[in-house]
Amino acid sequence: MPEQTSEQSSHLLAGRPARLIKPIFLLRTAALCLAPASASGSAAGPVARVLMVDSYSSSDIWSTNLRQALIAAFSGEHGHPAGFETFEFCVRYQPGLAPAPGDVESLQAKIDGTGYDLIVVANNPAANLFLNGELRVPAGTPVLISAYNGSLEGKIPAAMELTGIENALNMQDNVLMG
């Protein structure tokens, strides 16, 4: 596959269903696009600390595959993964499929106490906590929402460095895809 420029990669993200883009290419591209700039305006070094916030848990195959793809995408040149942490809300086992308030407080404390280079948020229950301001990130910390079911248009806070991958709500395409 030919090398994509940052501008071409950003164009690929706009309005495309996630199933059309290879996951690791997408994650690497997003990391490059979201990497904070240094005071001189040049890109910062490699992403060293990544936090994956998962609505569900590692018992879900989707979550396991996403975590493995992220670790592969952020592996160092010697094959060692970057500092990688996971926080799981396990909403599948919570009343109303909503994160428990104590879990939200714990995650906020973790975000406040640790400097992350990138936060990747998987699925709507966790993503909505960032979109509605219940969870806050330090200024300059990029957030990537992975697999948001529905449209993000008009939901992303203006001051937040956040982008997302929308899943089209089209069950017919999902059935046809197998």
Side-chain angles (χ1 to χ4, degrees), residues 13 17-19 21-36 46-76 79-152 155-157 160-169 171 174:
L13 294 174
R19 63 183 161 79
I21 305 170
K22 292 184 178 181
I24 292 179
F25 170 77
L26 176 63
L27 292 169
R28 286 183 177 162
T29 302
L32 291 173
C33 293
L34 292 171
V47 175
R49 289 201 75 129
V50 178
L51 174 64
M52 177 181 159
V53 179
D54 192 352
S55 297
Y56 302 111
S57 74
S58 55
S59 65
D60 294 301
I61 192 69
W62 162 258
S63 297
T64 299
N65 289 342
L66 178 60
R67 186 177 60 255
Q68 289 172 345
L70 285 168
I71 290 170
F74 296 111
S75 290
H80 301 291
F84 186 86
E85 299 173 35
T86 303
F87 190 98
E88 298 176 343
F89 280 115
C90 303
V91 299
R92 195 171 311 286
Y93 312 108
Q94 299 289 341
L97 296 178
D103 290 341
V104 175
E105 291 172 20
S106 293
L107 178 56
Q108 186 64 64
K110 182 176 196 55
I111 291 170
D112 291 343
T114 309
Y116 292 104
D117 296 311
L118 175 65
I119 298 174
V120 179
V121 184
N123 302 300
N124 291 40
N128 288 335
L129 295 171
F130 288 90
L131 293 171
N132 69 21
E134 228 176 305
L135 283 172
R136 297 161 315 283
V137 297
T141 302
V143 177
L144 170 63
I145 294 177
S146 173
Y148 192 83
N149 291 307
S151 174
L152 286 166
K155 295 181 182 178
I156 299 174
M160 193 175 228
E161 291 188 39
L162 185 147
T163 192
I165 303 165
E166 298 173 346
N167 287 341
L169 294 175
M171 294 304 284
N174 288 343

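For reference, positions follow the sequence shown, starting with 1.
- The CG atom of Leu144 sits 8.0 Å away from atom CG of Leu162, with the distance rounded to the nearest 0.5 Å.
- A 4.5 Å side-chain heavy-atom check between Pro142 and Val137 finds every atom pair outside the cut-off.
- Residues Pro99 and Val91 approach most closely at N-CG1, 3.6 Å, considering heavy atoms.
- Residues satisfying the ring pair (Phe, Tyr, Trp, His ring centres under 6.0 Å) test with Phe130, not counting sequence neighbours, are none.
- Considering every non-hydrogen atom in both Ile165 and Leu152, the closest pair reads N-CD1, 4.4 Å.
- Counting heavy atoms from C-beta on, the side chains of Val53 and Leu107 come closer than 4.5 Å.
- Minimum interatomic distance between Leu131 and Lys155 (heavy atoms only, all atoms of both residues): CD2-O, 3.5 Å.
- The minimum heavy-atom distance linking Phe87 with Asp103 is given by the pair CZ-O, 3.4 Å.
- The closest donor-acceptor contact from the side chain of Ser75 to the backbone of Ile71 lies under 3.5 Å.
- Here the straight-line distance linking atom OG1 of Thr114 with atom CD1 of Ile119 works out to 9.5 Å at 0.5 Å rounding.
- For the atom pair CZ (Phe84) and CZ (Phe74), the distance works out to 8.5 Å, reported to the nearest 0.5 Å.
- Nearest heavy-atom pair across Ser55 and Ala126 is OG-N, 2.8 Å.
- Closest approach of Ser57 and Cys90 over heavy atoms only: CB-SG, 3.5 Å.
- By the 4.5 Å heavy-atom criterion applied to side chains, Leu66 and Ser146 are counted as neighbours.
- Counting only heavy atoms from C-beta outward, the side chains of Asn128 and Tyr148 approach each other to under 4.5 Å.
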*Where do Met160 and Arg136 land on the side-chain contact (heavy atoms from CB on, under 4.5 Å) test, with the steps shown first?*
CA-CA 9 Å; Met160 193 175 228; Arg136 297 161 315 283; over 6 Å; no
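- Between Asp117 and Val50, every side-chain heavy-atom pair lies at or beyond the 4.5 Å cut-off.
- Residues passing the ring pair (Phe, Tyr, Trp, His ring centres under 6.0 Å) test with Tyr93: none are found, sequence neighbours excluded.
- Taken to the nearest 0.5 Å, the CG atom of Leu51 stands 6.5 Å off from the NZ atom of Lys110.
- Judged by distance alone, the side chain of Ser58 and the main-chain N or O of Thr64 form no donor-acceptor pair under 3.5 Å.
- Within the structure, salt bridge (Lys or Arg N to Asp or Glu O under 4.0 Å) pairs that include any residue of residues 88-102 comprise Asp60-Arg92 (at least two apart or interchain).
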*Stepwise side-chain contact (heavy atoms from CB on, under 4.5 Å) test for Leu70 and Arg67*: CA-CA 5 Å; Leu70 285 168; Arg67 186 177 60 255; 5.6 Å; no
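- Distance CD/Glu85 to CZ/Arg49: 4.5 Å, rounded to 0.5 Å.
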